[in-house]
Amino acid sequence: MLYKIPLLLLIPLCLMACSGGGSGSPAGLSDNDSDNYSDNDSENYPNIAFVQADVAHSHESFDGKWAAPLSRDLRFAVATRVSDPLGLQNIRRIYVHRSADDRVWPLLDTDWGSEAFSCYEAGIDVFECQFHDSSNVSSLPVRGWELVVVNKQGLETRTRFAFALPGGNDATLVEHIYADTYSGNTDAGVSALEALTIARNTISVTADAGSQSFRIAFTATDARAQYYSFVFYGAGPAYDYIGRVALSSSSLTSMALVPGQLTEVSVPWSEVEMKEGYHVNNIAGMHIKLYDQPVEWMAYDGYWFQHLSYSEFIPLTMP
């Protein structure tokens, strides 16, 4: 995923913009040992090694460019590594459960047939899926979540987790995270990571054929934002995702994001990682992605961003 980067790639970023390692605790860690409340003394139960979660805040135009009937202003991803004494194939279901309304979001269900392992990343032995709450697309409860793993013998293990706040801030008195489009009571809430807009954040993008580069400028105002990247799309109405400039690219690591100040960067087209079959001339628009301070990515030696955001869609005309 775009928001996970290997440790070795992050080191140059930290030299530019970090004051030490990732702050806060990874989202998804149990509040205390009693939160893993299966009978784990029995060797027959499945095991949950870890749970981590993130929240993605999107400007309305993210889904709007596809004329989607539902704007998923807040989405959340959950990643976990699980095991079973009889092997991974003995696990029947893995799902996220929200106790307040008994909603579930599945990461694995053997009833899916050939699609059962569609959320499984075999290379790192991790189940990871992104979801949204169709009943409330602009607010997300911080607590009241659990990951449930059930094996084919009907034995289950449950682990409670909570969403961290942007920047790893203290969530003791916070009940929910909300998007820009949220119109309810914000007294017990915290805003999601800033989703940039063209007007408010003075975004400008030009493509120069002579220098074969993009000049991209914007001003992020959210103090919790630490890093950025760019994602590119083809022409409408499909608006296919066709490329990116990763946050570990040399141009972006050499121009650190400082909230409240203009970030202006020149990106050679050679740094744009295009999907096979596409060229930079196919680019018709882009989003700017922001990221908060990362924490340790528990699947391997790297980092995990607990909050990210997608800006307003920025139309582009290539020369």
Any side-chain to backbone donor/acceptor pair from Q293 onto Q226? Under 3.5 Å, distance only. no

Pairs meeting criterion ring-ring contact (aromatic ring centres under 6.0 Å, His included) with involvement of residues 182-204, two or more places apart: H176-Y182, Y178-Y182

Non-neighbouring partners of F232 that pass ring-ring contact (aromatic ring centres under 6.0 Å, His included), sequence neighbours left out: F214

Do F230 and L252 touch side chain to side chain, with heavy atoms closer than 4.5 Å? yes

Are W112 and F117 close enough that their ring centres sit under 6.0 Å apart? no

Is it true that E312 and S61 share a donor-acceptor pair across their side chains at a distance under 3.5 Å? no

Within the side chain of N169, is there an N or O that forms a donor-acceptor pair under 3.5 Å with the backbone of P166? yes

Could you check V78 against F161 for side-chain contact (heavy atoms from CB on, under 4.5 Å), going step by step and ending with a plain yes or no? CA-CA 10 Å; V78 175; F161 69 92; 4.2 Å; yes

Excluding sequence neighbours, so at least two apart, what forms side-chain hydrogen bond (donor to acceptor under 3.5 Å, both in side chains) with S58? R75

Rounded to the nearest 0.5 angstrom, the NZ-CG distance for K289 and L193 is 11.5 Å

Any side-chain to backbone donor/acceptor pair from T80 onto F50? Under 3.5 Å, distance only. yes

Find out whether D111 and R92 are in side-chain contact, i.e. whether some heavy atom of one side chain is under 4.5 Å from a heavy atom of the other. no

Would you say S135 and R103 are linked by a side-chain donor-acceptor pair, where the criterion is simply a distance under 3.5 Å? yes

The test is side-chain contact (heavy atoms from CB on, under 4.5 Å); show your working for V137 and T181 and say whether it passes. CA-CA 9 Å; V137 297; T181 54; 5.7 Å; no

Give me the ring orientation class for F305 and Y291: parallel if the planes are under 30° apart, tilted from 30 to 60°, perpendicular past 60°. tilted

Scan side-chain atoms only and decide if H307 and D54 contain a donor-acceptor pair under the 3.5 Å cut-off. no

Sub-3.5 Å donor-acceptor pair from the side chain of W269 to the main-chain atoms of V280, do we have one? no

When rounded to the nearest 0.5 angstrom, what is the spacing between CD1 in I198 and CD1 in I314? 5.5 Å

Is the closest side-chain heavy-atom distance between E271 and S250 below 4.5 Å? yes

Could you check if a side-chain atom of D292 sits within less than 4.5 angstrom of a side-chain atom of Q306, using non-hydrogen atoms only? yes

Reference residue N201; test side-chain contact (heavy atoms from CB on, under 4.5 Å); the match among L196, T263, D222: L196

Output every pair passing salt bridge (Lys or Arg N to Asp or Glu O under 4.0 Å) with a member in residues 197-221, not counting sequence neighbours, ordered by first then second residue. E194-R200, R215-E264

Any chance you could measure L290, atom CG, to Y228, atom OH, to the nearest 0.5 Å? 10.5 Å

Just to verify, what does P85 make a side chain to side chain contact (heavy atoms under 4.5 Å, CB included) with, not counting sequence neighbours? none

Co-members of the apolar cluster containing V150 [side chain, <4.5 Å]: Y95, V104, V148

Examine the side chains of Q261 and T219 and answer whether a donor and an acceptor come within less than 3.5 Å of each other. no

Over all heavy atoms of both residues, which pair between S266 and S213 is shortest? Give the atoms and the distance, please. OG-OG, 3.7 Å

Smallest separation among heavy atoms of W297 and Q52, with atom names: CE3-OE1, 3.0 Å

Is it the case that the side chain of S249 and the backbone of V245 share a donor-acceptor pair, with hydrogens and angles ignored and the cut-off at 3.5 Å? no

Is there a donor-acceptor pair closer than 3.5 Å between any side-chain N or O of W105 and the backbone N or O of D133? no

How many angstroms lie between CD1 in I91 and NZ in K152, if you round to the nearest 0.5 Å? 10.0 Å

Please evaluate residues R160 and E146 with respect to the criterion salt bridge (Lys or Arg N to Asp or Glu O under 4.0 Å), reporting the C-alpha separation (whole Å), side-chain torsions for both, the decisive distance (0.1 Å), and the verdict. CA-CA 4 Å; R160 297 187 183 101; E146 62 181 355; 5.2 Å; no

Please determine, by modelled atom types, if Q89 and D84 share a side-chain donor-acceptor pair under 3.5 angstrom. no

Hey, could you give me each pair passing salt bridge (Lys or Arg N to Asp or Glu O under 4.0 Å) that has a residue in residues 277-287? Not counting sequence neighbours. none

Under a 4.5 Å cut-off applied to non-hydrogen side-chain atoms, are I288 and I203 in contact? yes

Give the minimum heavy-atom separation between C119 and L107, together with the two atoms involved. CB-O, 3.3 Å

Exercise: identify the closest heavy-atom pair between P319 and N281: O-OD1, 4.4 Å

Are V205 and L262 connected, step by step, through hydrophobic side chains (Ile, Leu, Val, Met, Phe, Trp, Tyr) whose heavy atoms are closer than 4.5 Å? no

Suppose we screen for side-chain hydrogen bond (donor to acceptor under 3.5 Å, both in side chains). Which residues come up paired with R93, at least two apart in sequence or across chains? none

How would you list, by chain and number, every residue that makes a side chain to side chain contact (heavy atoms under 4.5 Å, CB included) with E273, sequence neighbours excluded? R244, A246

Would L88 and V82 count as a side-chain contact (heavy atoms from CB on, under 4.5 Å) if you check the C-alpha gap in whole Å, the side-chain angles of each, and the deciding distance to 0.1 Å? CA-CA 8 Å; L88 207 55; V82 304; 4.1 Å; yes

Verdict with supporting geometry, N151 and E156, side chain to side chain donor-acceptor pair (under 3.5 Å): CA-CA 6 Å; N151 66 17; E156 67 178 40; over 6 Å; no

For the pair H57 and D73, evaluate side chain to side chain donor-acceptor pair (under 3.5 Å) and give the outcome as yes or no after the intermediate values. CA-CA 6 Å; H57 179 206; D73 302 334; over 6 Å; no

Tell me the closest heavy-atom pair linking F163 and P141, and the distance in Å. CD1-O, 3.6 Å

Does a side-chain N-to-carboxylate-O contact under 4.0 Å join R81 and D125? yes

With sequence neighbours excluded, residues passing side chain to side chain contact (heavy atoms under 4.5 Å, CB included) with N282: I242, Y278, H279

Might you work through the side-chain contact (heavy atoms from CB on, under 4.5 Å) test for D187 and E175, ending with a clear yes or no? CA-CA 9 Å; D187 290 346; E175 295 179 1; over 6 Å; no

Could you pull out the closest heavy-atom pair between V126 and A299, with the gap in Å? CG2-CB, 3.6 Å

Name all residues meeting the ring-ring contact (aromatic ring centres under 6.0 Å, His included) criterion together with H287; count only those two or more places apart in sequence or in a different chain, and write none if there are none. F62, Y233, F313

Look up atom OH in Y227 and atom CG in L257, then write down how far apart they are to the nearest 0.5 Å. 10.0 Å

Could you grab the distance from atom CD of E60 to atom CG of D63, nearest 0.5 Å is fine? 10.0 Å

Would you please name every residue forming a side chain to side chain contact (heavy atoms under 4.5 Å, CB included) with V174, sequence neighbours left out? V142, L165, V190

